Amino acid sequence: MSHTPTVIVTGAAHGIGRAIAERLGSPGAGIIVNYRSDAAAAESVVAAIRAGGGDATAVRADVAVPEQVSRMFEVARTQYGDPNIVVHCAAVTHFTPMAQATDADYDRVFDANARATFATLRAAATHVVDDGRIIVISSGAAVVPRADAGLYAASKAAGDQLVRVLATELASRRITVNSVRPGPTRTEKVAATVQPDQIAAIAAGIPLGRLAEPADIADVVAFLASDGGRWITGQTLHAGGGMF
Ligand SMILES: NC(=O)c1ccc[n+]([C@@H]2O[C@H](COP(=O)([O-])OP(=O)(O)OC[C@H]3O[C@@H](n4cnc5c(N)ncnc54)[C@H](OP(=O)(O)O)[C@@H]3O)[C@@H](O)[C@H]2O)c1
């Protein structure tokens with residue numbers, strides 16, 4: 001059965017991806033809730049979307065593995081029809097001083113972030129329908145130098161460049177391709193692992209005076225994904241509360 005819109009959100013079991021999947025899960029929509037390891041969390045996102053009147057399916061795929069990305073797009077097509085909206089959110093964070101970072105660190109971080117973005121955008125370029133939306137979640141780390149964040153920053157910046165180029169390639173089909181660049185965001189993981197005094201110190205560096213909530217980022221994505229976002233393409237939208 002065809003749903004409108006059909007949406008794929010990668011890394012949707014936790015954090016910002018979860019908020020985006022739930023935000024886009026309106027009645028009539030069919031949402032592919034991609035996850036890698038936490039099936040129970042993905043199913044709870046599916047349940048939340050269904051409770052709101054949308055439909056959703058959890059699909060396990062490591063998006064750093066191109067064959068698994070292809071399979072996920074096939075499931076979307078079979079379940080709901082080819083996607084109108086793809087939001088690529090999955091990524092790993094990694095902080096090691098450059099002098100200590102290993103070649104294995106490089107491979108892991110670039111596989112998880114740059115290769116996964118490439119694989120997802122390549123599949124999206126083939127499958128997203130005309131007038132569709134492709135949105136990548138970037139990071140303020142790509143523009144604000146921070147000690148220890150070299151591999152993470154470079155791997156996320158790669159995604160922004162893929163976005164700019166793909167936007168030109170898909171413009172004739174009126175598909176927009178953009179990235180959203182969050183600043184520090186208070187996900188469950190951040191709330192559980194970062195000490196309150198550190199959170200306060202981070203907030204002090206953000207002009208709007210607090211960390212983003214995942215819903216703040218989801219609202220920006222929802223705007224780009226809406227008809228109202230139709231004239232914006234090839235851009236990176238800064239959603240950092242004034243930090244950058
Ligand atoms: N939180 C922030 O302060 C912040 C700031 C700027 C940008 N961002 C960006 O926002 C996005 C979401 O971050 P977050 O903080 O919400 O992260 P999070 O809470 O760690 O959630 C990330 C999710 O992505 C999944 N994932 C990672 N690699 C994957 C892969 N190869 N295939 C499938 N799923 C994968 C993880 O699954 P597993 O549980 O299996 O690992 C996890 O569920 C990322 O792109 C990040 O770079 C975050």
Side-chain angles (χ1 to χ4, degrees), residues 8-23 32-46 58-73 75 86-95 107-121 123 135-144 146 149 151-160 162-163 179-194 198-199 201-203 205-206 210-218 220-221 236-241 243-244:
I8 296 175
V9 183
T10 71
H14 296 285
I16 295 170
R18 176 185 186 124
I20 292 168
E22 292 185 3
R23 178 70 176 74
I32 297 295
V33 175
N34 163 250
Y35 71 99
R36 181 173 59 174
S37 62
D38 193 344
E43 289 300 342
S44 77
V45 179
V46 167
V59 177
R60 177 176 220 140
D62 180 339
V63 293
V65 181
E67 298 74 31
Q68 296 189 26
V69 173
S70 299
R71 193 185 62 80
M72 175 176 68
F73 275 76
V75 173
V86 172
V87 184
H88 175 55
C89 191
V92 298
T93 46
H94 175 86
F95 299 107
D107 288 344
R108 188 179 73 80
V109 176
F110 271 75
D111 265 5
N113 296 349
R115 185 191 296 277
T117 304
F118 166 62
T120 304
L121 290 182
I135 299 159
V136 171
I137 303 304
S138 177
S139 172
V143 287
V144 180
R146 180 199 141 158
L151 291 178
Y152 176 64
S155 65
K156 296 295 287 185
D160 295 331
L162 293 172
V163 158
S179 55
V180 171
R181 180 170 283 153
T185 304
R186 203 178 62 90
T187 59
E188 323 88 283
K189 194 198 281 180
V190 167
T193 58
V194 183
Q198 285 177 277
I199 298 253
I202 295 167
I206 300 173
R210 61 171 174 84
L211 278 67
E213 296 294 328
D216 294 321
I217 309 305
V220 178
V221 170
T236 297
L237 252 66
H238 287 186
M243 189 182 180
F244 44 81

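Atoms within a ligand are numbered from 1 in the order they appear, just like the ligands themselves. It should be emphasised that the depicted structure is a prediction, and the values quoted were computed from it without experimental measurement.
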Q) salt bridge (charged side-chain N to carboxylate O under 4.0 Å, His left out) with Asp160: which residues, sequence neighbours excluded? A) Arg181
Q: Would you please name every residue forming a side chain to side chain donor-acceptor pair (under 3.5 Å) with Thr120, sequence neighbours left out?
A: none
Q | Within 45° cone and under 6.0 Å: Arg146 NZ/CZ vs Tyr152 ring | A | no
Q | side chain to side chain contact (heavy atoms under 4.5 Å, CB included) between Leu151 and Arg108, intermediate numbers included | A | CA-CA 10 Å; Leu151 291 178; Arg108 188 179 73 80; over 6 Å; no
(Q) If the criterion is any heavy atom closer than 4.0 Å to an atom of ligand 1, which residues make the list? (A) Gly11, His14, Gly15, Ile16, Asn34, Arg36, Ser37, Ala61, Asp62, Val63, Ala64, Cys89, Ala90, Ala91, Ile137, Ser138, Ser139, Tyr152, Lys156, Pro182, Gly183, Pro184, Thr185, Thr187, Lys189
**Q.** Salt bridge flag under 4.0 Å for residues Arg18 and Glu22
**A.** yes
Q.
Once side chain to side chain contact (heavy atoms under 4.5 Å, CB included) is applied, do any residues pair with Arg115, and if so which ones, sequence neighbours excluded?
A. Asp111
